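Just so it is clear, the model here is predicted, and its values are computed rather than measured.
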Amino acid sequence: MGCATVARMLAIEVQTENGERHLRVTAEALAALVRRIGGPGDRFLVVERIAGPAEVFVQVWHEAGGDYTLEHREGSNDRHFRVLLDDPGPVIAAMTGWARRADGWDTGLAWRRLDLTPAPETPAPPLELPDDDRRQLEDRLRQSLAGGYATRAELAELAEDYLVKGDRRPVSPAQARALVDRMWRERAEEQAGWEGETDADRLTRAFAALEAAGITARENFTCCHSCGQAEIAGAGSPDARGFVYFHSQSTDAAAAGHGLSLYYGGFDDSAETTAAVGREVVAALAVAGLPADWDGDPASAVEVRPLDWRRRLVG
């Protein structure tokens with residue numbers, strides 16, 4: 001059932017005007033998002049392929065009572081097209097076909113190429129760094145890529161800031177983007193060979209089940225255990241019974257092959273509730289097909305190992 005569930009998901013990221021970000025949605029969920037738009041602050045959505053190239057997307061704009069403005073772009077200004085539609089049905093069909101890479105997804109619509117004036121582009125100058133600095137920077141970026149939670153924009157910001165010392169900024173924004181684009185493509189080519197559900201997919205499935213059962217479940221949450229414990233109460237529903245999360249240091253450990261530590265508890269601070277949540281976490285992991293090493297002590301983390309951490313890129 002797990003592999004079938006993954007197969008039904010669309011390998012896309014959907015961003016909405018009101019700041020929502022939806023990853024790997026079903027066709028039904030994408031259709032619901034299209035039908036939803038039209039109100040103030042929620043008039044458009046942009047769809048990109050996960051781990052896809054930059055400037056390749058499909059998007060739609062709609063205000064209540066008006067047409068749907070559907071656009072798609074294939075990487076350059078001369079490959080940007082628009083069509084106006086008066087019903088969400090053809091919009092949903094086209095966007096779903098695009099997400100599935102279906103042959104002929106764009107046929108039957110009166111697309112018009114937009115006349116966009118090309119913006120002048122200056123190639124980034126070569127990145128000239130001492131060997132040690134370059135190695136440290138690329139190792140840090142590979143670590144984040146392997147973790148799988150950082151977007152391309154977040155990685156570019158990391159690349160630009162990582163070697164900053166005082167007023168010395170050896171990596172420009174353009175150089176950072178160029179470096180990240182190269183490493184992103186390498187990682188995307190690597191993950192193209194992954195088939196079916198990975199352990200990271202199984203973990204996300206387990207966390208979704210826990211969330212649905214009233215447990216606030218967050219992946220890659222905050223930087224460390226202290227911050228996670230301080231912030232988890234405000235991260236979910238106010239009527240949640242408890243929580244489970246892992247932080248970015250745990251993510252790095254998992255990506256390095258050391259397994260994953262999960263932190264959990266109850267919002268009433270009792271050992272009994274904490275232990276009960278721990279048992280729910282272990283049970284959800286088992287249903288998802290993941291191992292759990294836990295001695296039942298509410299003071300001990302739940303350890304997920306062995307774990308083959310392969311998380312697909314996210315935008």
Side-chain angles (χ1 to χ4, degrees), residues 1-2 5-6 8-10 12-26 28-37 39-42 45 147-151 154 200-251 254 260-290 292 294 296 298-304 311 314-315:
M1 183 176 67
T5 299
V6 171
R8 289 197 299 270
M9 297 293 181
L10 302 175
I12 57 174
E13 174 184 351
V14 184
Q15 299 184 50
T16 64
E17 183 183 13
N18 61 10
E20 295 175 0
R21 184 164 166 257
H22 305 266
L23 293 175
R24 297 186 181 89
V25 299
T26 62
E28 293 78 10
L30 176 60
L33 288 170
V34 172
R35 295 185 185 280
R36 189 189 78 181
I37 61 173
D42 193 18
L45 53 87
Y149 291 97
T151 66
E154 289 167 341
D201 295 329
R202 295 182 182 97
L203 183 71
T204 295
R205 182 153 58 89
F207 270 42
L210 288 163
E211 185 80 24
I215 303 295
T216 297
R218 295 294 179 268
E219 302 179 44
N220 200 52
F221 180 72
T222 72
C223 61
C224 63
H225 184 239
S226 295
C227 291
Q229 292 295 109
E231 297 178 27
I232 191 65
S237 171
D239 59 355
R241 294 179 291 109
F243 64 87
V244 61
Y245 72 91
F246 59 94
H247 49 69
S248 62
Q249 294 176 14
S250 299
T251 301
L260 184 69
S261 298
L262 304 183
Y263 305 100
Y264 58 92
F267 292 123
D268 62 2
D269 294 326
S270 74
E272 292 79 10
T273 303
T274 295
V277 172
R279 290 191 290 272
E280 287 192 59
V281 170
V282 170
L285 293 171
V287 170
L290 290 172
W294 183 55
S300 301
V302 173
E303 303 291 343
V304 186
R311 192 173 196 278
V314 293

Subject >> Check against side chain to side chain contact (heavy atoms under 4.5 Å, CB included), Leu23 and Thr204 >> reply: CA-CA 11 Å; Leu23 293 175; Thr204 295; over 6 Å; no
**OP:** List the steps and the verdict of side chain to side chain contact (heavy atoms under 4.5 Å, CB included) for Asn220 and His247.
**Re:** CA-CA 5 Å; Asn220 200 52; His247 49 69; over 6 Å; no
**OP:** Kindly determine whether Thr16 and Ile37 satisfy side chain to side chain contact (heavy atoms under 4.5 Å, CB included), including the steps that lead there.
**Re:** CA-CA 9 Å; Thr16 64; Ile37 61 173; 5.8 Å; no
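Taking each heavy atom of Arg311 and Gly148 in turn, the nearest pair found is NH1-O, 2.8 Å. Thr151 and Glu154 make their closest contact through N-OE1, 2.9 Å (heavy atoms, listed as atom of the first residue, atom of the second, distance). Closest approach of Cys224 and Thr222 over heavy atoms only: O-OG1, 3.2 Å. The shortest heavy-atom contact between Ala292 and Leu285 is CB-CD1, 3.8 Å. Annotation for Ser261 and Ala301: closest pair CB-CB, 4.4 Å, computed over non-hydrogen atoms. Nearest approach of Ala206 to Ala288, heavy atoms of both residues: CB-CB, 3.9 Å.
Qualifying salt bridge (charged side-chain N to carboxylate O under 4.0 Å, His left out) partners for Glu17, counting only residues two or more places apart in sequence or in other chains: Arg43. Every residue two or more places apart in sequence or in another chain that forms a side-chain contact (heavy atoms from CB on, under 4.5 Å) with Ala217 is listed here: Phe207, Leu210, Glu211, Val244. For Asp269, there are no side-chain contact (heavy atoms from CB on, under 4.5 Å) partners, not counting sequence neighbours. Considering only residues two or more places apart in sequence or on other chains, Arg36 meets the salt bridge (charged side-chain N to carboxylate O under 4.0 Å, His left out) condition with Glu20, Asp42.
Looking at heavy atoms from C-beta onward, Leu45 lies out of side-chain contact with Gln15 at the 4.5 angstrom threshold. Side-chain contact between Leu203 and Leu290 is present, with heavy atoms from C-beta onward closer than 4.5 Å.
Listed by first then second residue, pairs satisfying side chain to side chain donor-acceptor pair (under 3.5 Å) with a partner in residues 274-283 read Arg241-Glu280, not counting sequence neighbours. Evaluation of the side chain to side chain donor-acceptor pair (under 3.5 Å) test over residues 230-239, restricted to residues two or more places apart or in two chains, returns Ser237-Asp239.
A donor-acceptor contact shorter than 3.5 Å is absent between the side chain of Thr216 and the backbone of Phe243.
When only modelled atom types and interatomic distance are considered, Tyr149 and Glu219 share a side-chain donor-acceptor pair under 3.5 Å.
Using cut-offs of 30° and 60° on the angle between ring planes, the pair His225 and Tyr263 is tilted.
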